[in-house]
Amino acid sequence: MGTPERIREVARRIAARREEVDGLAVVVSAMGGETDRLIGLAREVNPNLPSREYDVLLSSGEQVSAALLAMSLEEMGVKARSFLSFQLPVFTDGKHSAALIKDFGAERLREAFARGEVAVVAGFQGINQEGDITTLGRGGSDTTAVAMAAALQADMCEIYTDVEGVYTCDPGICAEARKLQQISYDEMMELAVLGAKVLHTRCVEMAKRFGVNLLVRSSFNNEEGTMVCKEGDEVEGALIAGVTYTRGEAKISVLRVPDTPGVVYRIFAPLAEMGINVDMIIQNISRDNYTDVTFTVPEEDLDAAVKAVETLARQIGADGVLYERDIAKVSIVGDGMKTHPGVASRMFGALAEEGINIIMISTSEIKISCVIDARYTELAVRVLHDAFELGAAEQS
Ligand code: ASP
Ligand code: MG
């Protein structure tokens, strides 16, 4: 909802949807760019960003949207009423800027439905036990919507976004990318963690916990979208749901680490203390009681991590530390892996055929990730998409 015209368009769409369903509640986020603008203002007056006031400020964007949308609906002859989180109330824990929803009050929404009103709820905000305003973290309106759907035991929660749904891979990289009709919660969570930017992990997690059917669709057109639902409810049941990638990581190796109990702990404890998120870890098999330990960290933490690890390497008598920035992680995700052997070898074979070297590998029940040279990211994504026949041509 970037402009008044867009708000009217959204209102028109809601008005049309209102004809089809009884009891419609809409969660809004701030107008495009507004949250960033507010953060900018805060930085100018107080770079420390005091957390309580920061949330008071940021939550205002959603208040504006809720009021404008309700007004626009009224103007079209659709009865509507806006609600802020304190009015429902939406209770959260105390963690400003990253609050977790504890309890979503749906009573006033049901009353609004009974009066034939569309309820327009300000997303992203809540109140804590002290009655102070909290916010849920960037992109948090999706989470508000899922929590609301759960509280209302709604049939479905539709997420309107700037893409048409969840794709088998980034359509910007791969022309054959296909929009999925359905995807399971677990697959969606893995894809979100591994780089797909459609939905936040937290929002999908909550949808899974409460069994909320999530329909991801475009806010710009009426295309069908992708349903995120329980595994087994999908009609497709494909082996692999999609291929995804992340760049922004870097690799650190600690060489010839004396292989004794506690060394790995000594390497990683300081990183944990610094709040650095370590992703993949490989420890080689020990030879002559020495081993190499390699792991990845977010690129922005590389300098700090290397500094800490170099100090440690000296203390534990390791040979030294190597690091490398230009790496990427490509991943395939699919529930089907649980029951079908041979997925990993198909992945490795496809990369090998293109001469793409695999630097590190990690797996879970439903995903396989390979770290490769960042130069080959696009190629690897395309090759894997092809190898698992995810493209439109093969499927139809
Ligand atoms: N307005 C908030 C943000 O920009 C929440 C949201 O958009 O979901 O992060
Ligand atoms: Mg599936």
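Ligands are counted one by one from 1 in listed order, and the atoms in each one are counted from 1 as well. We use all heavy atoms of the structure for the numbers below, so side chains are in, but hydrogens, waters and symmetry mates are not. Numbering starts at 1 and runs along the sequence shown.
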Report yes or no: does Gly123 have a heavy atom closer than 4.0 Å to ligand 1? no
Quick one: side chains of residues 38-53, donor-acceptor pairs under 3.5 Å with protein atoms, not counting sequence neighbours, listed by atom name and distance.
from	atom 1	to	atom 2	distance (Å)
Asn46	OD1	Asn48	N	2.9
Arg52	NE	Asp132	OD1	3.2
Arg52	NE	Asp132	OD2	3.2
Arg52	NH2	Asp132	OD1	3.0

Spell out, as yes or no, whether a donor-acceptor pair under 3.5 Å connects the side chain of Thr226 to the backbone of Val166. yes
Decide whether an N or O pair under 3.5 Å exists between Asp142 and ligand 1. no
Which protein non-hydrogen atom lies closest to atom 1 (N) of ligand 1, naming both residue and atom, and how far is it? Glu62 OE2, 2.6 Å
Spacing of Cys174 atom SG and Leu379 atom CG [to the nearest 0.5 Å]: 11.0 Å
Evaluate the side-chain proximity of Phe91 to Gln129: yes if any heavy-atom separation is below 4.5 Å, no if none is. yes
Shortest reach to atom 3 (C) of ligand 1 by a heavy atom, considering only Arg138, His200, Met31, Gln125: Arg138
Is any side-chain heavy atom of Lys95 closer than 4.5 Å to one of Thr134? no
Distance filter under 4.0 Å to Ser29 heavy atoms, resulting ligand 1 atoms: 6 (C), 7 (O), 8 (O)
Side-chain donor-acceptor pairs under 3.5 Å in residues 318-328, sequence neighbours left out?
from	atom 1	to	atom 2	distance (Å)
Arg325	NH2	Asp303	OD1	3.2

Report yes or no: does Gly140 have a heavy atom closer than 4.0 Å to ligand 1? yes
Indicate yes or no: does an N/O atom of Gly139 lie under 3.5 Å from an N/O atom of ligand 1? yes
